[in-house]
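The residues of the chain are indexed from 1 along the displayed sequence. Indexing begins at 1, ligand by ligand and atom by atom, following the structure's order.
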Amino acid sequence: MSATAPAAIAPAGARQMRLGLFLLSTGHHIAGWRHPGSAADMPVSIARYAEIARMAEAACFDMLFLADNNCVPQTDWPAVRRTSRANLFEPIALLSALSMVTDRIGLVATGSTTYSEPYHTARAFGTLDHLSGGRAGWNIVTTSNSNEAWNFGRESHPAHADRYKRAGEFVEVTKGLWDSFTDDAFPRDTESGIYFDATKLGVLNHKGEHFSVRGPLNLARPPQGHPVLVQAGGSEAGRDLAARLAEVIFAVNQALPDAQAFYADIKARLIAHGRDAEAVKVMPGLFPVVGRTRAEAEDRMAELQRLLHPDVGLSLLSFLTGGFDFTPYDVDGPLPELPDTDVGKARLKVIADLAKRENLSIRQLYERIAVSRGHHMVVGSAADVADRMQDWFEGGAADGFNVMPPTFPEGFRDFCQLVVPELQRRGLFRTEYSGRTLREHLGLARPLHLPRGQVALPHA
Ligand SMILES: Cc1cc2nc3c(=O)[nH]c(=O)nc-3n(C[C@H](O)[C@H](O)[C@H](O)COP(=O)(O)O)c2cc1C
């Protein structure tokens with residue numbers, strides 16, 4: 001299939017996959033910034049981000065997604081100085097800028113429920129939704145990086161269970177704040193002199209275990225009602241929160257059976273919570289290395305792996321396993337038993353299962369983790385990549401994918417030019433946008449306004 005062949009139109013009503021671009025500065029391969037296909041200045045270049053955002057929109061992606069940490073993620077300086085990860089724009093500011101150079105693509109930023117307050121979050125994401133004409137999404141994280149504690153006046157990261165308890169209340173308060181006004185609360189009637197109708201205002205007056213928030217939010221209800229709620233924690237508590245509140249779930253799965261089990265588990269939890277199974281889109285991460293031929297893709301992958309410094313690989317493995325110290329162990333020996341972590345439980349399990357399933361040494365494991373941090377990887381031609389995506393999509397493992405190119409811009413351009421047309425030819429992906437908002441792209445309902453704390457003021 002050539003990239004220029006006409007795209008087939010999917011039969012009416014056919015299920016199509018959702019595609020998100022996981023936009024991680026210089027690329028998902030940890031050594032990607034050293035590759036000639038990467039722009040090493042990307043982390044602080046709005047021009048580069050704008051180029052990628054326009055490319056993703058031209059390819060009809062549902063959304064751009066920015067992960068975030070309120071810290072330099074790792075403090076192992078000899079290794080960290082060899083990565084681009086200590087340099088990161090604040091995501092809402094960046095997406096606000098990108099909203100001005102795009103029209104259709106969804107804009108999803110990460111916001112922590114542990115190191116932020118609902119009022120700030122409601123205001124920032126509500127503003128992004130207005131700026132973008134209804135394209136905002138919030139990736140709700142309880143924060144996987146314990147280093148953030150030190151930037152917010154805390155000695156240590158709160159316990160996993162406590163973080164998730166706070167997250168549930170945080171999201172409810174944020175939703176309540178977005179509903180401070182009904183959709184039609186602002187008549188801006190110059191004749192009567194009434195700017196907003198006070199009967200359409202609700203003062204939240206929330207007093208809970210973690211938050212005391214009076215409200216109202218100083219912002220009209222967002223165009224989407226609420227920005228799309230995304231969740232990415234895979235532990236028991238994470239899945240439960242997702243099934244109660246989320247509309248998109250970013251998953252991390254290595255193998256198809258694990259992805260199928262995760263997908264079935266989430267859909268069952270949704271039903272148990274009285275929600276429609278279609279109300280949440282499950283989008284596992286996918287790390288694609290694509291070439292015009294399989295051999296070319298394999299060469300590219302080998303080229304990237306040659307750029308990986310061993311210190312960087314080992315340091316990343318330690319970070320993703322909750323700070324486990326591998327220095328006393330032989331890197332060419334087997335992976336020791338890893339203790340449970342309070343940080344990213346789901347990721348730890350994916351990594352430990354991968355090492356066990358493929359009998360990997362510590363070195364082999366970090367070489368794999370440095371690539372995609374535990375997400376599924378596929379190296380091959382456009383048809384190989386599309387086959388894998390189709391297998392997962394039609395095999396009950398995914399509603400779409402969070403695409404994680406190894407490098408930017410080259411790795412993503414290859415995906416857009418080679419894989420997207422192949423998916424379109426198979427009728428698996430849209431050839432043009434039919435909606436305007438992120439909810440419309442994803443097929444998600446606009447939330448009804450829930451009145452809370454109406455105030456007793458005269459109408460005029
Ligand atoms: C695709 C993806 C993106 C994530 N992005 C972030 C992020 O930007 N910031 C963060 O603190 N955690 C991030 N996480 C981590 C989770 O949201 C979650 O906090 C972590 O996995 C711990 O939760 P768990 O123990 O339920 O897995 C991400 C996870 C996934 C799968």
Legend entry - Phe61 and Phe412 aromatic centres sub-6.0 Å: yes
Which side-chain N or O atoms in residues 90-103 pair as donor and acceptor under 3.5 Å with protein atoms at least two apart or in another chain?
{"residue": "Glu90", "atom": "OE1", "partner": "Ile92", "partner atom": "N", "Å": "3.2"}
{"residue": "Glu90", "atom": "OE1", "partner": "Ala93", "partner atom": "N", "Å": "2.7"}
{"residue": "Glu90", "atom": "OE2", "partner": "Ile92", "partner atom": "N", "Å": "3.3"}
{"residue": "Ser96", "atom": "OG", "partner": "Ile92", "partner atom": "O", "Å": "2.7"}
{"residue": "Ser99", "atom": "OG", "partner": "Ser96", "partner atom": "O", "Å": "2.6"}
{"residue": "Thr102", "atom": "OG1", "partner": "Leu98", "partner atom": "O", "Å": "2.8"}
{"residue": "Thr102", "atom": "OG1", "partner": "Arg135", "partner atom": "NH1", "Å": "2.9"}

Inset, instruction - On the 0 to 90° scale, with breaks at 30° and 60°, tag the Phe287-His29 ring pair as parallel, tilted or perpendicular. - result: tilted
Legend entry - Selection residues 25-39 - residue pairs positive for salt bridge (Lys or Arg N to Asp or Glu O under 4.0 Å), sequence neighbours left out: none
May I have every N or O pair linking ligand 1 to the protein at under 3.5 Å, one per line with atom names and distance?
{"residue": "ligand 1", "atom": "8 (O)", "partner": "Asp68", "partner atom": "N", "Å": "2.7"}
{"residue": "ligand 1", "atom": "8 (O)", "partner": "Asp68", "partner atom": "O", "Å": "3.3"}
{"residue": "ligand 1", "atom": "8 (O)", "partner": "Thr110", "partner atom": "OG1", "Å": "3.3"}
{"residue": "ligand 1", "atom": "9 (N)", "partner": "Asp68", "partner atom": "O", "Å": "2.9"}
{"residue": "ligand 1", "atom": "11 (O)", "partner": "Ser144", "partner atom": "N", "Å": "3.0"}
{"residue": "ligand 1", "atom": "11 (O)", "partner": "Ser144", "partner atom": "OG", "Å": "3.3"}
{"residue": "ligand 1", "atom": "12 (N)", "partner": "Ser144", "partner atom": "OG", "Å": "3.1"}
{"residue": "ligand 1", "atom": "23 (O)", "partner": "Tyr164", "partner atom": "OH", "Å": "3.1"}
{"residue": "ligand 1", "atom": "25 (O)", "partner": "His160", "partner atom": "NE2", "Å": "2.7"}
{"residue": "ligand 1", "atom": "25 (O)", "partner": "Lys345", "partner atom": "N", "Å": "3.1"}
{"residue": "ligand 1", "atom": "26 (O)", "partner": "Tyr164", "partner atom": "OH", "Å": "2.7"}
{"residue": "ligand 1", "atom": "26 (O)", "partner": "Gly234", "partner atom": "N", "Å": "3.3"}
{"residue": "ligand 1", "atom": "26 (O)", "partner": "Ser235", "partner atom": "N", "Å": "3.0"}
{"residue": "ligand 1", "atom": "26 (O)", "partner": "Ser235", "partner atom": "OG", "Å": "2.5"}
{"residue": "ligand 1", "atom": "27 (O)", "partner": "Gly234", "partner atom": "N", "Å": "3.1"}
{"residue": "ligand 1", "atom": "27 (O)", "partner": "Ala346", "partner atom": "N", "Å": "3.4"}

Inset, instruction - Please step through side-chain hydrogen bond (donor to acceptor under 3.5 Å, both in side chains) for the pair Tyr119 and Asn218, ending with a clear verdict. - result: CA-CA 10 Å; Tyr119 201 94; Asn218 52 349; 3.3 Å; yes
Show me, pair by pair, the donor-acceptor contacts under 3.5 angstrom made by side chains of residues 252-261, not counting sequence neighbours?
{"residue": "Gln254", "atom": "NE2", "partner": "Gly374", "partner atom": "O", "Å": "3.0"}
{"residue": "Gln254", "atom": "NE2", "partner": "His375", "partner atom": "O", "Å": "3.2"}
{"residue": "Gln260", "atom": "NE2", "partner": "Gly395", "partner atom": "O", "Å": "2.8"}

